[in-house]
Amino acid sequence: MEDGSHDQDILAWRASKDAMFKSGADSPLLPADKAAFTGLPYYSIDPAYQMPAVLKENRSPRLIIELPTSTTELRRMQRVGTLTFTLKGTTLSLTAFADEDARVITRLFVPFGDLTSGTETYKGGRYLELDRTSTTLYDLDFNRAYHPFCVFNVNYVCPVPPSENRLAVAIQAGERLPSAAAR
């Protein structure tokens with residue numbers, strides 16, 4: 001995909017998300033916050049943060065783990081496998097998950113933290129969601145990284161990335177906090 005097309009896709013995705021936050025029934029914003037909402041803050045689109053990733057699936061039958069959340073609850077998830085990719089010359093990996101009860105997995109949930117967590121982005125990490133492919137190859141695009149809804153509304157319970165999904169690099173792509181102050 002050429003860069004202009006990729007940029008337009010990301011801009012359209014962001015505009016759709018901002019519209020949902022402003023007036024959608026599924027918006028996590030409280031009614032008082034919707035009136036003042038002017039859009040989510042994002043890093044500039046950077047093609048360096050889009051790369052292929054290879055999924056190595058777990059060989060064992062459904063491996064269930066408990067992820068901590070933004071509250072004291074634990075969220076039971078299936079560990080689907082490990083996505084391996086190269087970012088700016090460094091090979092990295094992230095564990096991909098699915099809902100505990102999913103028998104047919106159509107989307108991968110990839111929570112992650114990085115060196116921006118707690119300063120430029122939410123301290124609890126951000127998320128990526130990937131459509132399941134028929135191969136082991138995935139398009140990993142951190143320009144689509146987003147904050148969990150608990151950042152905007154404390155009534156949401158959000159999974160926190162496990163330690164293996166804490167990257168020792170800064171991912172300056174996707175959603176960011178409105179200011180340098182971490183929430």
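Residue numbers start at 1 and run along the sequence shown. Quantities reported herein were computed from a predicted structural model and do not represent experimental measurements.
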Where is the tightest heavy-atom contact between Pro111 and Pro162, given as atom of each residue plus distance?
-> CG-CD, 4.2 Å

Nearest heavy-atom contact between Arg126 and Ala145 is NH1-CB, 3.9 Å

Considering only Ile, Leu, Val, Met, Phe, Trp and Tyr, and joining two whenever side-chain heavy atoms are under 4.5 Å apart, list the other residues clustered with [X].
{"X": "Leu11", "value": "Ile10, Ile45"}
{"X": "Leu92", "value": "Tyr49, Met51, Leu55, Val80, Leu83, Phe85, Leu87, Leu94, Ile105, Leu108, Val110, Phe112, Leu128, Leu130, Tyr138, Leu140, Phe142, Leu167, Val169, Ile171"}
{"X": "Leu137", "value": "Val54"}

Could you check whether any side-chain N or O of [X] sits under 3.5 Å from a backbone N or O of [Y], counting only pairs where one atom can act as donor and the other as acceptor?
{"X": "Ser70", "Y": "Cys158", "value": "yes"}
{"X": "Asn143", "Y": "Asp46", "value": "yes"}
{"X": "Thr116", "Y": "Glu120", "value": "no"}
{"X": "Asp114", "Y": "Ala168", "value": "no"}
{"X": "Ser23", "Y": "Ala19", "value": "yes"}

With sequence neighbours excluded, tell me which residues meet side chain to side chain donor-acceptor pair (under 3.5 Å) with Asp26.
-> none

Report the residues that fulfil side chain to side chain contact (heavy atoms under 4.5 Å, CB included) with [X], sequence neighbours left out, ordered by chain and then residue number.
{"X": "Pro159", "answer": "Leu67, Arg75, Phe109, Tyr127"}
{"X": "Thr38", "answer": "none"}
{"X": "Glu66", "answer": "Leu74, Arg76"}
{"X": "Ser16", "answer": "none"}

Is any side-chain heavy atom of [X] closer than 4.5 Å to a side-chain heavy atom of [Y]?
{"X": "Arg144", "Y": "Asp9", "result": "yes"}
{"X": "Cys150", "Y": "Val154", "result": "no"}
{"X": "His147", "Y": "Thr121", "result": "yes"}
{"X": "Phe97", "Y": "Gln78", "result": "no"}

Sorted by first residue and then second, give each side-chain hydrogen bond (donor to acceptor under 3.5 Å, both in side chains) pair with at least one member in residues 150-162; sequence neighbours left out.
-> Asn153-Asn155

From CA spacing to verdict: side-chain contact (heavy atoms from CB on, under 4.5 Å), Arg107, Glu129 | CA-CA 7 Å; Arg107 292 184 64 78; Glu129 290 186 39; 3.1 Å; yes

Show your working on side-chain contact (heavy atoms from CB on, under 4.5 Å) between His6 and Asp141 and close with a plain yes or no.
-> CA-CA 10 Å; His6 174 256; Asp141 191 350; 2.5 Å; yes

Under a single-linkage definition using a 4.5 Å side-chain heavy-atom cutoff for Ile, Leu, Val, Met, Phe, Trp and Tyr, are Val157 and Met77 assigned to the same hydrophobic cluster?
-> no

Please check if Phe149 and Tyr146 belong to a single hydrophobic cluster, counting links between Ile, Leu, Val, Met, Phe, Trp and Tyr side chain heavy atoms closer than 4.5 Å.
-> no

About how many Å separate CG of Asn165 and OG1 of Thr95, when rounded to the nearest 0.5 Å?
-> 4.5 Å

Could you name each residue pair satisfying ring pair (Phe, Tyr, Trp, His ring centres under 6.0 Å) that touches residues 53-82, not counting sequence neighbours?
-> none

Let me check something: any side-chain donor-acceptor pairs from residues 27-36 under 3.5 Å, sequence neighbours excluded? List them with distances.
| from | atom 1 | to | atom 2 | distance (Å) |
| --- | --- | --- | --- | --- |
| Ser27 | OG | Phe21 | O | 2.7 |
| Ser27 | OG | Leu29 | N | 3.1 |
| Lys34 | NZ | Gly24 | O | 3.3 |

Please determine, by modelled atom types, if Gln50 and Asp139 share a side-chain donor-acceptor pair under 3.5 angstrom.
-> yes

Could you note down all residue pairs passing salt bridge (Lys or Arg N to Asp or Glu O under 4.0 Å) where residues 163-177 supplies at least one of them, sequence neighbours left out?
-> Lys17-Glu175, Arg79-Glu164

